[in-house]
There are 2 protein chains.
Amino acid sequence: MRRKLRETANETATMRLRHAGLRPTRQRNELAKLLFRNGHRHLTAEMLHAEAVSEGVKVSLATVYNTLHQFTQAGLLLQVVVDPTRSYFDTNTADHQHFYCEDESSLIDIPGPDIAVAGLPTPPPGTQIKRVDVVVHVRRH
Amino acid sequence: MRRKLRETANETATMRLRHAGLRPTRQRNELAKLLFRNGHRHLTAEMLHAEAVSEGVKVSLATVYNTLHQFTQAGLLLQVVVDPTRSYFDTNTADHQHFYCEDESSLIDIPGPDIAVAGLPTPPPGTQIKRVDVVVHVRRH
DNA sequence: TCAACAGTTTAGAATTATTCTAAATTGCAG
DNA sequence: CTGCAATTTAGAATAATTCTAAACTGTTGA
């Protein structure tokens with residue numbers, strides 16, 4: 001007998017959390033389901049909280065902030081810094097870069113292998129390269 | 001007869017402001033002198049304000065914010081976004097990129113021609129590329 | 001099965017960076 | 001000089017985010 005989709009989504013979320021070493025609580029499960037149910041997304045804490053509330057998920061804004069940071073630390077999300085006034089989180093953790101459209105404060109993925117950065121100089125003494133972020137700023141013309 | 005250095009610096013700052021279409025007020029002059037007196041710098045509004053105060057320049061924090069944004073609009077400064085909690089301004093407006101050391105929240109210039117970004121895809125329809133920012137995140141090891 | 005405790009969530013206060021407001025001041029054209 | 005628009009300012013306001021301390025919940029092991 002085929003199990004309900006909702007049930008499966010729950011198990012997937014739980015697995016994902018356990019794998020990341022995070023205790024699968026009700027809030028983390030529900031947020032994980034919202035975040036990872038469809039294709040990749042870029043969103044702020046406020047946006048995720050609004051989405052949760054509008055879909056009847058009971059969770060506080062503080063928990064959304066905590067959860068986004070925990071997910072980021074666990075490698076489930078990537079934090080993208082483009083706008084000095086807000087923090088975006090990206091559900092696509094694969095190596096890739098972004099277009100940033102200032103007119104509408106929106107991020108668009110650039111698939112990983114498309115971009116190549118050449119001629120990286122050696123990093124400052126005592127440090128090692130952790131990540132290379134490329135943001136292509138675009139504007140309506 | 002050789003004129004005093006201070007006098008010359010003042011004229012230079014005034015010129016720079018007039019060129020940028022900004023009325024050379026006392027505050028803008030003094031901030032320009034602090035910003036551009038030596039090699040290139042990365043600094044926040046708070047940092048510049050502290051420096052001004054410590055050198056006896058009378059200027060409010062609000063004016064420092066206003067001035068940094070006006071200078072940026074006029075092309076005298078570049079705003080660099082790397083840290084979700086603060087905004088850096090760079091006196092080097094030439095084409096170049098940055099190392100960002102998270103351990104100490106510090107920015108280090110990577111000279112312009114060293115880095116090359118290849119394989120940029122066409123920008124989203126209706127937009128054109130304005131700038132390509134590369135931030136190389138490094139960590140102490 | 002469930003007691004107990006560490007981990008988690010939460011409301012609301014606190015913090016931080018930044019912007020706004022409205023009144024005082026200043027640069028400059030005439 | 002005078003007058004007015006541009007600029008500066010103190011302090012309030014805002015926005016995003018973090019903190020705090022109390023309530024709650026998941027898990028473990030008897």
Side-chain angles (χ1 to χ4, degrees), chain A residues 10-11 13-34 42-53 56-74 76-77 79-89 105 107, chain B residues 10-11 13-34 42-53 56-74 76-77 79-89 105 107:
Chain A
N10 244 315
E11 281 170 28
T14 302
M15 293 300 222
R16 204 193 293 265
L17 291 174
R18 283 205 199 289
H19 240 254
L22 293 167
R23 185 193 286 195
T25 65
R26 195 204 83 226
Q27 289 86 335
R28 296 214 265 237
N29 256 287
E30 312 232 59
L31 292 177
K33 281 191 280 177
L34 292 180
H42 303 109
L43 69 193
T44 64
E46 294 277 1
M47 287 161 69
L48 180 57
H49 183 245
E51 185 171 320
V53 166
V57 171
K58 261 201 72 187
V59 63
S60 72
L61 181 56
T63 298
V64 173
Y65 272 103
N66 290 339
T67 303
L68 286 174
H69 286 133
Q70 291 153 358
F71 282 15
T72 300
Q73 275 200 306
L76 264 38
L77 293 174
Q79 189 166 9
V80 184
V81 180
V82 277
D83 183 327
T85 72
R86 35 165 124 269
S87 259
Y88 286 92
F89 293 85
S105 294
L107 274 175
Chain B
N10 244 314
E11 281 169 29
T14 302
M15 294 298 224
R16 205 194 293 264
L17 291 174
R18 283 205 199 288
H19 240 254
L22 293 167
R23 185 192 287 195
T25 65
R26 195 203 85 226
Q27 289 86 337
R28 297 213 265 238
N29 256 288
E30 313 233 58
L31 292 177
K33 282 192 280 178
L34 292 180
H42 304 109
L43 69 192
T44 65
E46 293 277 2
M47 287 162 69
L48 179 56
H49 183 245
E51 186 172 317
V53 166
V57 172
K58 261 200 72 187
V59 63
S60 74
L61 181 56
T63 298
V64 173
Y65 272 102
N66 289 339
T67 302
L68 286 173
H69 286 132
Q70 291 152 358
F71 283 16
T72 300
Q73 274 199 307
L76 265 38
L77 294 174
Q79 188 165 9
V80 185
V81 181
V82 278
D83 183 327
T85 72
R86 37 164 125 269
S87 259
Y88 286 93
F89 293 86
S105 294
L107 275 175

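Note on naming: letters A, B, ... go to the chains in the order of the sequence lines (proteins, then strands), and numbering restarts at 1 for each one. When reading the values below, keep in mind they use all heavy atoms of this one structure, side chains included, and skip hydrogens, waters and symmetry mates. Everything quoted here is computed from the prediction, not taken from an experiment.
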* To do: Would you indicate what P84(A) reaches in the nucleic acid, counting non-hydrogen atoms under 4.0 angstrom: base, sugar-phosphate, or nothing?
  => nothing
* Asked: CZ of R26(A) versus C1' of dG7(C): gap in Å, rounded?
  -> 16 Å
* To do: For dT9(C), take OP1 and OP2 only and decide whether either is under 4.0 Å from a side-chain N or O of T25(A).
  => yes
* Asked: For S87(B), which contact category applies under a 4.0 Å heavy-atom criterion: base, sugar-phosphate, or nothing?
  -> sugar-phosphate
* Asked: Taking all non-hydrogen atoms of both residues, which atom of V59(A) and which atom of A52(A) are closest, and how far apart?
  -> CG1-CB, 3.8 Å
* Minimum heavy-atom separation for L76(A) to A20(A), with atom names? -> CD1-CB, 4.0 Å
* Return no unless some side-chain N or O of Q70(B) is found under 4.0 Å from OP1 or OP2 of dT7(D). => no
* Which is true for T44(B) with a 4.0 Å heavy-atom rule: it touches a base, it touches only sugar-phosphate, or it touches nothing? -> nothing
* Would you check if the distance from the ring center of H69(A) to the ring center of F89(A) is below 6.0 Å? => yes
* **Under-4.0 Å side-chain N/O to phosphate OP1/OP2 contact, H69(B) with dT19(C)** => yes
* Measure the distance from CG on N66(A) to P on dC19(D) and round it to the nearest whole Å. => 9 Å
* Asked: In whole angstrom, what separates R23(A)'s CZ from dA6(C)'s P?
  -> 11 Å
* To do: Round to a whole Å and report the spacing from CZ of R28(B) to C1' of dT8(D).
  => 10 Å
* To do: Examine dT25(D): is either OP1 or OP2 under 4.0 Å from a nitrogen or oxygen in the side chain of Q27(A)? Give yes or no.
  => no
* How many Å lie between CZ on F71(B) and C1' on dT7(D), as a whole number? -> 13 Å
* Reckon T63(B) touches a base, only the sugar-phosphate, or nothing at all at heavy-atom distances under 4.0 Å? -> base
* May I have the distance from L61(B) (atom CG) to dA12(D) (atom C1'), rounded to whole angstrom? => 14 Å
* To do: To the nearest Å, give me how far apart OH (Y65(A)) and C1' (dA13(C)) are.
  => 16 Å
* Of P24(B) and A45(B), whose nearest nucleotide on DNA chain C comes first from the 5' end? -> A45(B)
* Asked: Separation of N29(A) atom CG from dT8(C) atom C1', in whole Å?
  -> 13 Å
* Asked: Is atom CD of Q79(A) surrounded by more than 12 heavy atoms (other residues, nucleotides or ligands) closer than 6.0 Å?
  -> yes
* To do: For residues A74(A) and L22(A), report the shortest heavy-atom separation together with the two atoms involved.
  => CB-CD1, 4.3 Å
